[in-house]
Structure formats: structure tokens, C-alpha cells
Amino acid sequence: MKCRRCREPAIIDLRRHNAAFCKDCFWRHCHEQVKRAIHDFDMIERGERVLVAVSGGKDSLALWHILHELGYAAEGLYLGLGIGDYSDESGRFARDFATRFGLVLHEVDLPGDVGFDIPDGSRAARRAPCSACGLSKRHLFNQAATQLGFDVVATGHNLDDEAAVLFGNTLRWDAEYLGRQYPVLPAAEGFAKKVKPLVRLGEREMAAYCVTQRIDYILDECPMAVGNRHLHYKELLNRLEDSSPGAKAAFLFHFFDKAHQHFADAVVEERDALEACTVCGSPTPAGECAFCRLQARATRSDAIPVSIGRRPV
Ligand code: Q46
Ligand code: ZN
């Protein structure tokens, strides 16, 4: 197997692209896919400050690495979710990465700064762990970005993640979620811009990127992911991809090109109608936002605004 670009021995075969690459050309391929996603979807302007949502996993660390190498002013934010050893270990990978590349990592510790961890918080609030976790992440990343003056929040969602989410949203024809599913959500009053620059790269490519760039990341899955239906959708899509390479990317990108716009207007109207949360000031349909209600239930006390710490390394 030879590299498509330079004819040196290849280290990875990408059937979707009908191509194989050597280590250097694979690095270039990943950079080009991110550059293309940023350009095609107008994700980041030069000079904008980017906050990368860092979990200690392969996708977020690869994303931070690539954005840094492409010259973007990208700092990280790690959220300690309080999920036992998994959180302790993932935090270590995030800090080690920041130290090695001399990058700034901000941190919020859910139990210490907010008053609950995901296992207890989800039980108290009677929400599934991933639902409480997703709500907390969206809220705290957005709050950190707006408080610390970042223009953009970048997350490490890759092609496989996005195709699996689209599959779930399409099975239910969930118009609200379909309207929000796009690689960029523009900034609005109280919202930083949200971007997904890895949308053109698959899970296997991100793992290979980390291995070839010697980026250490947490290998364990979050223990709360067991039973998550997106894992099941990923398996189904992987089987489809095995028999029809490129099917996953076609499913996702044809949705962006041909269908997303039909669902998007409702999201803009919904955003325009939001008010400030009476506790934290974040945008919400009315009264206290969903995160402040979760916090109040999980801590059995009044919600308090969270202040985001800064931890230069
Ligand atoms: S960290 Fe959180 Fe994931 Fe764990 S609790 Fe679920 S959502 S599985 S990306
Ligand atoms: Zn609030």
C-alpha cells in the first residue's frame, strides 16, 4: 500500500477517499480537511479568539492541536464532571497536553465550583446522566466563552458523531434538533458562535492522528455512556460504511446541502424570543434557565451564578 501523494509506504487506508497516506501526508490530509470545513462553513475568522471544549479524549485534543498548528488563538476549557476515576484521568490528559504545548487551559470543576457531580446531579434532577451532562456542558462552555471574551466555542464532534446524531434525529424527524444540527451555529445575544471543525474527519482518522502525532489521550469510554443510543447508531452506520464506503459522509453532507435549511428558520425565531435567566443571565425561554433549575435541584439549594476560573499553565 503506497501513499497516494508521495508514493512512500502508507500507514493508513481511507476507503471513503479511495486513498492511502504516509504519516506526513496523513497529517496534511487532516489539516486540509479542517481548513476546508472552517472555510466552507465560515467557522472562524482570523483574529477571533477560540475556546476549545477539551475532554482529554482523542477528538478534542487533536482539534486543539490542529487549530494551534493552523495559527488560531485557541485556548482550552476542561470541565471536571465528577465521574470518578474517569474524570481524574481525563483531566490529567488535558493538563499534560496543555503543558506540553504551552497552551492555556481553563478549568471548571462541577463538584467544586457548581456544587454537584453528574452521577448525583442526574439522580437528583431525575434526568439521564448524558442529558444532565450535555445540558451542563452546553451551558458552562457558553458561559465561559462569553465571560472570558471568546468569540467561538469549538467542539471535537467528528463525522461519525454527527452522522449518528443525524440518524437519531431523522428517525424521529425531530425538527427542532434537525434545525440546530449544522457545523456552525452563529453568535447571537448571549451566545458565542459554536463550531465543529472536525466534521469532515472520522473517528478512526482522529485516533490515527493522535497516535502519529504522539498525543496521549484517555482511551477509556465514559462509564456513563453504557446504553447510550448514539453508540448503537454508530455501529449501524459503521456496518453500512463497510459495505458502502462514503455512505456516512454522503448522508451527513447531503443533509447540510439539501435539507438543513428547511428546519433552520424555527431555530432563529426561537433564539430571537429568548430572555435573560433570572439567576445567571444566560438566554432562556422564560424565568430560570434549565441549567440553573438543574443546579438548584441537584444541590437542593438556590442556584448561584458560576464564575469561570482561569488556569494558565
Ligand atoms: S461524558 Fe457526559 Fe458523554 Fe459521559 S455522561 Fe454521557 S455525555 S457519556 S460525551
Ligand atoms: Zn441560569
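Predicted model, so just to flag it, every value in this text is computed and none were measured.
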Are any of the side-chain nitrogens in R36 or E32 under 4.0 Å away from the carboxylate oxygens of its partner? no
If you look at every heavy atom in A145 and A192, which pair is closest and at what distance? CB-CB, 3.8 Å
Do the ring planes of F253 and F41 sit parallel (below 30°), tilted (30 to 60°) or perpendicular (above 60°)? tilted
Please enumerate all residues that pass side-chain hydrogen bond (donor to acceptor under 3.5 Å, both in side chains) together with R123, with sequence neighbours excluded. D120
H68: what forms a side-chain hydrogen bond (donor to acceptor under 3.5 Å, both in side chains) with it, not counting sequence neighbours? none
Side chains of I215 and L61, heavy atoms from C-beta outward: is any pair under 4.5 Å? yes
Got a donor-acceptor contact below 3.5 angstrom from the R271 side chain to the E189 backbone? no
Side chain proximity check, C133 to S122, heavy atoms < 4.5 angstrom: no
At their closest point, which heavy atom of P197 faces which heavy atom of T155, and how far apart are they? CD-O, 3.7 Å
Common cluster, V114/Y86, ILVMFWY with side-chain heavy-atom separation under 4.5 Å: yes
Set out, in order, the CA-CA distance, both residues' side-chain angles and the distance that settles side-chain contact (heavy atoms from CB on, under 4.5 Å) for V152 and V195, then state yes or no. CA-CA 7 Å; V152 186; V195 302; 3.5 Å; yes
Atom OG of S136 and atom CD1 of I118: how far apart are they, to the nearest 0.5 Å? 4.0 Å
Which atom pair, heavy atoms only, marks the closest approach of A163 to K248? CB-CG, 3.8 Å
Would you tabulate the side-chain donor-acceptor contacts of residues 225-235 under 3.5 Å, counting partners in other chains and residues two or more places apart, or write 'none'?
| unit_1 | atom_1 | unit_2 | atom_2 | d |
| --- | --- | --- | --- | --- |
| N228 | OD1 | H230 | N | 2.8 |
| K234 | NZ | D161 | OD1 | 2.6 |
| K234 | NZ | E203 | OE1 | 3.0 |

Non-neighbouring partners of H254 that pass ring-ring contact (aromatic ring centres under 6.0 Å, His included), sequence neighbours left out: none
Set of side-chain hydrogen bond (donor to acceptor under 3.5 Å, both in side chains) partners for S60, sequence neighbours left out: S55
Under 4.5 Å between side-chain heavy atoms, hopping through other hydrophobics if needed: is there a path connecting Y177 to Y182? no
So how far is it from C30 SG to F21 CZ, rounded to the nearest 0.5 Å? 9.0 Å
With a 4.5 Å cut-off on side-chain heavy atoms, are P183 and H157 touching? no
Flag, side chain of T212 to backbone of Y209, donor-acceptor distance under 3.5 Å: yes
H65 and ring-ring contact (aromatic ring centres under 6.0 Å, His included): which partner among F101, Y217, Y72? F101
When you compare the side chain of D151 with that of V50, does any pair of heavy atoms fall below 4.5 Å? no
Check the side chains of W64 and E75 for a donor-acceptor pair under 3.5 angstrom, ignoring hydrogens and angles. no
Determine whether the side chains of N169 and D174 contain a donor N or O and an acceptor N or O closer than 3.5 Å. no
Nearest-0.5 Å distance, CZ of residue R204 to CG of residue N238: 10.5 Å
Is there a continuous path of hydrophobic side-chain contacts, each under 4.5 Å between heavy atoms, that joins F263 to L185? no
Following the transitive rule for hydrophobic clusters with a side-chain heavy-atom cut-off under 4.5 Å over Ile, Leu, Val, Met, Phe, Trp and Tyr, establish whether V165 and L171 coincide in one cluster. no
Test of understanding: clusters of I, L, V, M, F, W, Y form through side-chain heavy atoms closer than 4.5 Å, transitively. Do W173 and V267 belong to the same one? no
According to side-chain hydrogen bond (donor to acceptor under 3.5 Å, both in side chains), who are the partners of E48, at least two apart in sequence or on a separate chain? K193
How about D85: does its CG atom have over 12 heavy atoms from other parts shown lying under 6.0 Å from it? no
Whether over 12 other heavy atoms sit under 6.0 Å from R172 CZ: yes
Can you spot which of K58, Q33, R16, R200 makes a side-chain hydrogen bond (donor to acceptor under 3.5 Å, both in side chains) with E205? R16
Co-members of the apolar cluster containing M1 [side chain, <4.5 Å]: none
Judged by modelled atom types alone, do K196 and N158 share a side-chain donor-acceptor pair under 3.5 Å? no
Using the test ring-ring contact (aromatic ring centres under 6.0 Å, His included), find all partners of F116 that sit at least two apart in sequence or belong to another chain. none
Roughly how far, to the nearest 0.5 Å, is CD1 of I83 from CG of D88? 11.0 Å
Can you find a pair of side-chain heavy atoms, one from R297 and one from R126, that are under 4.5 Å apart? no
Among residues two or more places apart or on two chains, list those pairs meeting side chain to side chain donor-acceptor pair (under 3.5 Å) that have a residue in residues 275-286. none
Are R95 and E107 ion-paired here, with the side-chain N under 4.0 Å from a carboxylate O? yes
Would you say the side-chain atoms of R4 pair up with the backbone N or O of C22, donor to acceptor, closer than 3.5 Å? no
Just wondering, do D59 and L198 contact through their side chains at under 4.5 Å, heavy atoms? yes
On the 0 to 90° scale, with breaks at 30° and 60°, tag the F26-H29 ring pair as parallel, tilted or perpendicular. parallel
Say whether, by atom type as modelled, one donor and one acceptor occur between the side chain of Q181 and the main chain of E162 under 3.5 angstrom. yes
Of the non-hydrogen atoms in A98 and L105, which two are nearest, and what is the gap between them? CB-CB, 3.9 Å
Over 12 foreign heavy atoms within 6.0 Å of CZ, R7: yes
Please write out which residues are connected to L274 in a hydrophobic cluster, directly or through intermediates, given that two of Ile, Leu, Val, Met, Phe, Trp, Tyr count as joined at side-chain heavy-atom separations below 4.5 angstrom. F191
Taking the side chain as every heavy atom from C-beta outward, state whether D117 and L81 have any pair of such atoms under 4.5 Å apart. no
Can you list the residues that meet the ring-ring contact (aromatic ring centres under 6.0 Å, His included) rule with F251, with sequence neighbours excluded? none
Any chance you could measure L236, atom CG, to E241, atom CD, to the nearest 0.5 Å? 13.0 Å
What is the distance from atom CZ of F256 to atom CD of Q261, rounded to the nearest 0.5 Å? 13.0 Å
Under the rule for ring-ring contact (aromatic ring centres under 6.0 Å, His included), what residues qualify as partners of F93, not counting sequence neighbours? none
Can you tell me if R49 uses its side chain to pair, donor with acceptor, with the backbone of A73 under 3.5 Å? no
Does E270 CD have over 12 foreign heavy atoms under 6.0 Å away? yes
Under 6.0 Å from the CG atom of N18, do we count more than 12 heavy atoms belonging to anything else shown? no
In sequence, state the C-alpha distance, the side-chain angles, and the governing distance for F150 and L77, and then conclude on side-chain contact (heavy atoms from CB on, under 4.5 Å). CA-CA 11 Å; F150 285 91; L77 173 61; over 6 Å; no
If you define the side chain from C-beta out and look only at heavy atoms, does anything of H262 sit under 4.5 Å from L178? no
Donor + acceptor pair across side chains of H31, E69 (<3.5 Å): yes
